[in-house]
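Presented below is the structure to which this report refers.
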Amino acid sequence: MKLSNKLTLLIISLSLVPLIVLGNLAYENGRRTIERQTNEQLTSISALKVSEFNRWINDNKRSLIALAQRPLVREFTAVQSRSGITSQDPDFRSAQTAMLSDHLVPAVELEGGFLDFVIIGLDGQILTSTDRKLEGKIRSASNYYIEGMKETYVDTVTFNLSEAQYNLHISTPILDDSGSTIAVLAGHADLADMAAIITQKSGGTISENTYLVNAFNFFLTDPAGGEGYALTSSVYSQGVENCLAGNSGTAIYENYQGTLVLGAYRWLPDYGMCLLTEVDHIEAFSSIENYRGTMFSMIFVIAVIAIFLSLVFSRTISEPIRDLVEGSLEFGNGNLDHRINIKGKDEMSTLALSFNQMAASLRLITASRDELDKEIIERKNAEEHALKERDKAQQYLDVAGTIFVVIDADQKIRLINKSGCKMLGAEENEIIGQNWFKNYIPERNRADVRVVFNRLMAGEIEPIEYYENPVLVKDGPEKIIAWHNTLLFDGEDNIEGTLSSGEDISERRKAEGELSIKDFAFESSSSADSIGSNDGILTHANSTFARIWGYENVNEIIGKPILDFLADKEEANVIIESITKTGEWSGEYKALRKDGSTFIAMSYANAIKDAGGKQTALYSSVVDVTENKKAEKALRESEYLLRESQQIGKVGSYILEISNDIWISSRTLDEVFGIDEKFEKNIHGWLQLIHPDDKTMMEDYFATNILKNHESFNKEYRIQRNNDQQMRWMHGIGKLEIDASGNPIKMIGTIQDITDRKIAEIEIQVLNEELEQRVLVRTSQLEEANKELESFAYSVSHDLRAPLRAIDGFSKILQDEHSGNLPDDSQRYLDLIRNNTHDMDRLIDDLLAFSRLARQEPAKQPVSPNEIVKRVLEDLKGELEGRQVEMIIADLPDFQADPSLIKQVYLNLIDNAIKFSRGSDPARIEIGHLEQKGEQIYFIKDNGVGFDMLYVDKLFGVFQRLHKTEDFEGTGVGLATVLRIIRRHGGRIWAESEVDQGATFYFTLGGEIKND
Amino acid sequence: MNKTTKSLLFIFLGVLIISGCSSITPSQAVDEISVRLKWTHGVQFAGLYIAEEQGFFAEEGLSVTLKEGGLDFNELELVASGQDDFGILGAQSILGGRSDGVPVKAVATIFQISPSVYFSLAESGIERPEDFTGKRVMVFPNDKILVIMLNNMGVNMDQIIALPPSNDLASLYVGEEDVWTGYVTNQVVRARLDGYEINVIYPSDYGIFEYGDCIIATDDMIQNNPELTERFVRAAMQGWRYAIEHPDEAAAVTAQYSDVEDEVFLFESMKAQIPLIHNGEAPIGWMVLEDWQTMCEILLNPSHCESELELSDVFTLQILKAVYGIEE
């Protein structure tokens, strides 16, 4: 090691080593302290969050349980779970409405915490919900229902498909009085509250980040910088892994964003979740890192100073020696221009000076010889160069195809090169001195070309850079020459003539003429045609190409790499390689439009080759087939569902090509028909399968409904299965495809074996027919019996009357003629006998009238009920005597009815009203009508004793009485008669009442209603 | 460079090489397996494409060929006969196969709920099965799920007007049908992209559901090669998890396999299937005995499920437990 380096190292070591050791000790110490403090801080934040989270859950649980325990909630739930949701029971509906308006909705709106409540019945169906759309849905498989049946349960956060949102459900059983569960009350907790609790910062650090993760590594709340992560993103950091193993603690690890963090994790076994609280490593250790930075800068500054000092120190000692050594080495290598650096005036400097002088003397001697050699070589080179240049110039002039010609001001040819002579087909001596225009420009162009020349000569115009004109050739056709012209000047800047170089472009022009037709074909092609160079650059393209690829015009495209037009670069390279190898390629590829969209290109491409078979370019012709592809795809997708269902349902499918008279069938259909591949699969073959009894019908159906009327095939028919000749029922469905000219070309459809269903149907039909037959027999028997019964009732009534008259007559005689002889008791008995015979007589009258009604058709005619009521009240005058009755009679609209029968109705009903309002003072009877849904309803209302609605069914029966005869007289036939009359008119009658609150009888009369 | 520096450098490089080696899994022979899909390539298999593209299969030492299924294939047969190692198939087919004696069972389910739903235009006001009464409903032959769903809600099949399946959503738009049957990840997405507001009626809201695409393997495979099955299922589950987290990438990868070009449609379809795959209740792929019991009773018949079919022949949790490290 050199002296200077030793010195430098020594100084640096002495100054830096103690500094680094001490600094590091302090840093490590500080770092550990900070890590411990941060971990403590994170753990306490984490504990705080957990207790807040628990409190939130418990608050919600408590309020849910309180709701479920409200007596009215339990009562309403009991009503609902008894009747079930499909019930139209008014009790159910009213319980549901009351539950919602009085309990569930206020709990959502006023108390908060829950977004929705549902009540789930024992069978798992939602009975009531604040979100009415949920009612009726079945939740029997949900954990919160299953567990909620047993006890209060907190579900995990799950996604609900039909509600399209994440839910956390808390559920609790609703119990009846005996303590058994009658339903589950479930609340859908507000996850925003949960997220707010979790994500709210405690304020200690900027990067503090708390989030929940479920047991399957998925986020439950959005972490910082991760909006929308909840249940869509998973996390596998060290913290989460530790936690999901059921541990709680702290660690340093990379989090979900790959950031190094200090994190505290806590496993929450009750909810199957992890709570993580993290803070960025950088932020946590920023203060200690700052300290380290300061320490590093100090080390750096001290190192710089140390290095500087050591350098200065070592330089003064070692540098002059080094210079002397270097100098002597240079001189030894022959570099005599080198001079040793001389510093100061010490011994070293004197030595250096002597070296320098020696080198200078050597230099002088060698210099003169070298320069001479150099000059000789340079001259030789210049000479060779001049010779080469001259040869090159001669070659340029004689290059095939290029004419050089000089024309004097007097239009004569002064000079022409060999190519020029060859082109004009003459010797040089024949041409020189001739007039250019007269001899070599065709008559028709001569004047024009000469004018241009003259003007050039006169200096009126600038030399024409490029000019084309035809030239006459000895013994041959004219040639077209393209010229480049320059003016020649003499010594005094006068124009002396022109120097023109010309090129024979006759062939090119001719070819161009031909080419233009091909160009047109290329340009107007409806396919997208293009040509590319071997190195993959597009050189030609037509406008169809530009349009299909979405470019404005062709100019935008030319010069771009071919790869730019394909979506898949690898595929493109494969195609190009294939063309190069085989000379052509055809197929489909995914093409890339200017706007980045893609389409399917169907392409034919080949290599363009020169005469020698070498590839010069690539040609491609393309058609956009994306639409075809889409249609193909759509068809396949629809086949998907069809197929899935066929696999399961054993439904066969077929495609019938009508024009070719052939069908193809699925394997299932072959099984259904009992045929194999040898079967004659055409329309004739199908008809052969059909059962003889259905054959004519199906021939006719196919010819008329399908082929002629173009209907869809939808028919049930029988076949005789080919393999076992068993009769089977088929249901065939088919959709007909029609071509543009309206001819059916194809039918696609399915055929299902419906024999089992058919057999069941036929059984049902037979049963139904039997049943109908039996009903008919029973009906006629019943009618017979009814008639007999009526005639019996009539004759009984008639025959009863005769003895009754006798009893009454003889009793009257006894009273009139023998009253004097009879004791008082006997007289009273006679009175009773007579009263009872009158009662019985009235009863017989009523029964007669009642039975008559059965036989007699009502003779309908327009009737004024006002008139009828008036007459009835007239008849009932006797009943009203001595009574305080307030009669309210409305103006009643007319109707169609039998007047005598309808009078009976009013008579009976008003009579009843008077009778049963006897105890009320004042009695009040209202005779009126009302209109409901276009129907006239007539009513008679009283404020009498009324009846219990429980017995309303018995009201209209014969001999049915709701009151004791002692209280209210009557035969018990009146309302039965009224019912029968109203029914005979096609109307309805019903009553409403409450005990001691009066009764109202309503009736309608069916049929035409006349209002005028 | 002096000797000391050189030797230091060697040591340093040595450490690098050793530590580098230790991070590479010991090389194992790559197993070639083939998987038979239940249909042509599409977004319903996105997780498998992801597993391939992200190298999850390769990490498990698998070289996987994904083969299309469809109308021309009997996927159950292909897996049962060993021509394909694994397959993707619906619960109904697995139950049907097992009751016919095919020795194949489910080892995981991708779709916790089949994407097959009923849907209507929102303007029709049809929101629930009861609303089907008197309406024109597209009915696939033998759609047991429809019959049971309606029955659960007190509606009989003869109360609806059943129409044969149609190919063209336009017939729903113009009102030829009132209710359609389709995939919530396909026809429903398409109709919404076409600008229609759609009401979706999920059978799972009305007491019926079906596991959609299950991963199937033969009894023989599960018994004799559980480790291979486990590696495949683990990579597939990882693929699905990645697809859920990156629906945009899943759509882009699907576009490479499928001939559906429309990435907007693929993206929406991918998003629509996420809750069918993972809804926070269980790990991805998980299956539940009670669910299979219910499906068996609904989709086959109850007596059959009790007496003739062992549910342990229909599915097994053995593989999933191993994949997720869940103790027996």
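These numbers come from the heavy atoms of this one structure, side chains and all, not from hydrogens, waters or symmetry mates. Lettering follows sequence order; numbering is per chain, from 1.
Looking at A:L220, neither its backbone nor its side chain comes within 4.5 Å of chain B, counting heavy atoms on both sides. Of the atoms belonging to B:Y206, heavy atoms from both backbone and side chain fall under 4.5 Å from chain A. With a 4.5 angstrom heavy-atom cutoff, A:Y236 touches chain B only via side-chain atoms. Within the 4.5 angstrom heavy-atom criterion, no atom of B:L169 approaches chain A. With a 4.5 Å cut-off on non-hydrogen atoms, B:P164 touches chain A through its side chain but not through its backbone. At a 4.5 Å heavy-atom cutoff, B:I201 makes no contact with chain A through either its backbone or its side chain. Heavy atoms of A:S140 lying under 4.5 Å from chain B are absent altogether. Residue A:K590 touches chain B through its side chain alone, counting heavy-atom pairs closer than 4.5 Å.
Between B:R128 and A:G136, the closest heavy-atom pair is NH2-CA, 3.4 Å. Residues B:G280 and A:F216 share a closest heavy-atom pair of O-CE1, 3.6 Å.
Rounding to the nearest 0.5 Å gives a distance of 7.5 Å between CZ of A:R139 and OG of B:S204. Annotation: the span from A:I138 atom CD1 to B:M149 atom CE amounts to 10.0 Å, rounded to 0.5 Å.
Within the 4.5 Å cutoff, the side chain of A:N217 has no heavy atoms near those of the B:R241 side chain. Within the 4.5 Å cutoff, the side chain of A:Q125 has heavy atoms near those of the B:M153 side chain.
Applying the side-chain contact (heavy atoms from CB on, under 4.5 Å) criterion to A:D595, with sequence neighbours excluded, gives A:R593, A:S597.
Between the B:E245 side chain and the A:S234 main chain, a donor and an acceptor come within less than 3.5 Å of each other.
Counting non-hydrogen atoms of other residues, nucleotides and ligands closer than 6.0 Å to NZ of A:K133 gives a total of 12 or fewer.
Each of A:T158, A:N214, A:D155, A:V157 was checked for a side chain to side chain contact (heavy atoms under 4.5 Å, CB included) with B:E281, and the lone residue meeting it is A:T158.
Looking only at heavy-atom pairs under 4.5 Å with chain A, the residue among B:N279, B:V184, B:T294, B:D205 that has the most is B:D205.
A parallel orientation is assigned to the rings of A:F218 and B:H278, their planes being inclined by less than 30° (bins at 30° and 60°).
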